[in-house]
Amino acid sequence: MTDEPARVLLPRDFFDRPVVDVAPDLLGRTLVRHTPDGPIELRLTEVEAYDGESDPGSHAYRGRTARNATMFGPPGHAYVYFIYGMWFSINLVCGPEGKASAVLLRAGEILTGTSLAAGRRPKARSTNELAKGPARLAAALDIDRSLDGTDVCTTGATPISILHGTPAPRDRVRNGPRTGVGGDGADHPWRYWIDGDPTVSPYRPHTPRRRTATAT
DNA sequence: CAGCGGATATTCT
DNA sequence: GAATATCCGCTGA
């Protein structure tokens, strides 16, 4: 007799909904990353929604490319991309096939496999920092482009799956502008997080990056 | 915590 | 060439 949350996979239907419905519903759920050295479990505390059809902030807004092809595929799969020349981020594809919407996983609390995650994040100074931010989350869970397209809803062997976990109470969920999104995409308050959770990343407004080192 | 600059793949111009 | 769904190391509170 325990308060152990049900260890049940989220069904594919969970992801086959409008992305703004799926995103807040993911908070509190458990992501399981099966590595060769053992499992790492993460409780999701912060996410952002991206809708390819209406959203200038979405990678898919300007159509399909080699990088974003997975976003156009069936729901319940991982879209992993490489950004800023050195980091990976993981999204979960939502909506029907062809719609190109996805939820960016921005932060979470490491539940098990903490030493494995810490080994991937040697610079982190506290356990709360291990997955505080999308690139940090991917690094802690050893996620890279080789996992792009992974089915997270299969009952078979898979490197990543999403368990039902314990959904965050709706009165603890907050939403606001997305971190680092500029232009017209800044209008959508599609960042969702669990209020007061110590693993949520600080909000950073969009700041256009300075020029690359000037060629001499 | 806030602010700053640097590192760099992918995409569009 | 320029922008982008970022993080790190530094400085200062």
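Quick note: numbers below take in every heavy atom, side chains included, and nothing from hydrogens, waters or symmetry partners.
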Does the N68(A) side chain pair with the main chain of G63(A), one donor and one acceptor, at a distance under 3.5 Å?
yes
Please answer: with hydrophobic residues joined when any side-chain heavy atoms are less than 4.5 Å apart, are M71(A) and F15(A) in the same cluster?
no
Can you list the residues that meet the side chain to side chain donor-acceptor pair (under 3.5 Å) rule with S58(A), with sequence neighbours excluded?
none
Charged N to carboxylate O under 4.0 angstrom, K99(A) versus D16(A)?
no
For nucleotides 9-11 of chain C, tabulate all protein N/O to nucleotide N/O atom pairs closer than 3.5 Å, reporting atom names and distance.
residue : atom : partner : partner atom : Å
dG9(C)  : OP1  : K123(A) : NZ           : 3.2

What do the steps show when you test T199(A) against D197(A) for side chain to side chain donor-acceptor pair (under 3.5 Å), and what is the final call?
CA-CA 6 Å; T199(A) 64; D197(A) 192 285; 2.5 Å; yes
Without decimals, in angstroms, what is the distance between K132(A) NZ and dT6(C) C1'?
15 Å
The criterion is side chain to side chain donor-acceptor pair (under 3.5 Å); which residues satisfy it with D151(A), sequence neighbours excluded?
R12(A)
To the nearest Å, give me how far apart CG (D184(A)) and P (dA5(C)) are.
13 Å
Whole-Å gap separating P (dA9(B)) and CG (D148(A)):
18 Å
Fellow cluster residues of V200(A), listed by chain then number, with links counted only when side-chain atoms sit under 4.5 Å apart
W193(A)
Could you check whether F82(A) and the base of dA9(B) form a stacked pair, meaning centres closer than 5.5 Å and planes differing by less than 30°?
no
Nearest-Å distance for atom pair CD1/P, residues I83(A) and dT4(C)
10 Å
Between I143(A) (CD1) and dT6(C) (C1'), how many Å, whole number?
16 Å
Under 4.0 angstrom, heavy atoms only, what part of the nucleic acid is G57(A) near: base, sugar-phosphate, or nothing?
base
Grab the N/O contacts between the protein and nucleotides 11-13 of chain B below 3.5 Å, and write none if there aren't any.
residue : atom : partner : partner atom : Å
dT11(B) : OP1  : T65(A)  : OG1          : 3.2
dT11(B) : OP1  : R67(A)  : N            : 2.9

Its dot-bracket string being built from Watson-Crick and G-U pairs below 3.5 Å, with | for another strand and [ ] for crossing, DNA chain B has the pattern |||||||.||||.
Run the numbers on S201(A) and R191(A) for side chain to side chain contact (heavy atoms under 4.5 Å, CB included), then give the verdict.
CA-CA 11 Å; S201(A) 69; R191(A) 173 179 179 247; 4.3 Å; yes
In whole angstroms, how far is the C1' atom of dC1(B) from the CZ atom of R125(A)?
11 Å
Does OP1 or OP2 of dT4(C) have a side-chain N or O of H206(A) closer than 4.0 Å?
yes
Sugar-phosphate only, base, or nothing, as touched by R121(A) at under 4.0 Å among non-hydrogen atoms:
sugar-phosphate
Classify the side chain of Y81(A) and the base of dA5(C) as holding, or not holding, a donor-acceptor pair under 3.5 Å.
yes
Using the salt bridge (Lys or Arg N to Asp or Glu O under 4.0 Å) criterion, which residues pair with R174(A)? Sequence neighbours excluded.
D195(A)
Specify the separation, in whole Å, of atom CG of L105(A) and atom C1' of dT6(C).
15 Å
Pairwise P distance, dT13(B) and dA5(C) [rounded to whole Å]
15 Å
Taking only distance into account, with no hydrogens and no angle test, what donor-acceptor pairs under 3.5 Å do side-chain atoms of residues 136-146 of chain A form with protein atoms, sequence neighbours excluded?
residue : atom : partner : partner atom : Å
R136(A) : NH1  : K132(A) : O            : 2.9
D142(A) : OD2  : R120(A) : NH2          : 3.2
D144(A) : OD1  : S146(A) : N            : 2.8
D144(A) : OD1  : S146(A) : OG           : 2.5
R145(A) : NH1  : R67(A)  : O            : 3.4
R145(A) : NH1  : V80(A)  : O            : 2.9

List in chain and number order the residues that pass side chain to side chain donor-acceptor pair (under 3.5 Å) with Y50(A), two or more places apart in sequence or in another chain; answer none if no residue qualifies.
E48(A)
Considering only residues two or more places apart or on different chains, which pairs with a residue in residues 74-91 of chain A satisfy salt bridge (charged side-chain N to carboxylate O under 4.0 Å, His left out)?
none
Strand contacts (DNA chain C) in residues 87-103 of chain A, 4.0 angstrom heavy-atom criterion
W87(A), N91(A)
dC8(C) OP1/OP2 closer than 4.0 Å to side-chain N/O of R136(A):
yes
Ignoring backbone atoms, test whether R204(A) places a side-chain nitrogen or oxygen under 4.0 Å from the OP1 or OP2 oxygen of dA5(C).
no
Check ion pair D25(A)-R29(A) (N to O, under 4.0 angstrom)
yes
Y79(A) and H59(A) aromatic ring geometry - parallel, tilted or perpendicular at 30°/60° bounds
perpendicular
Between atom CZ in R106(A) and atom C1' in dT6(C), what is the gap in whole Å?
9 Å
By side chain to side chain donor-acceptor pair (under 3.5 Å) - contacts of E41(A) (at least two apart)
R7(A)
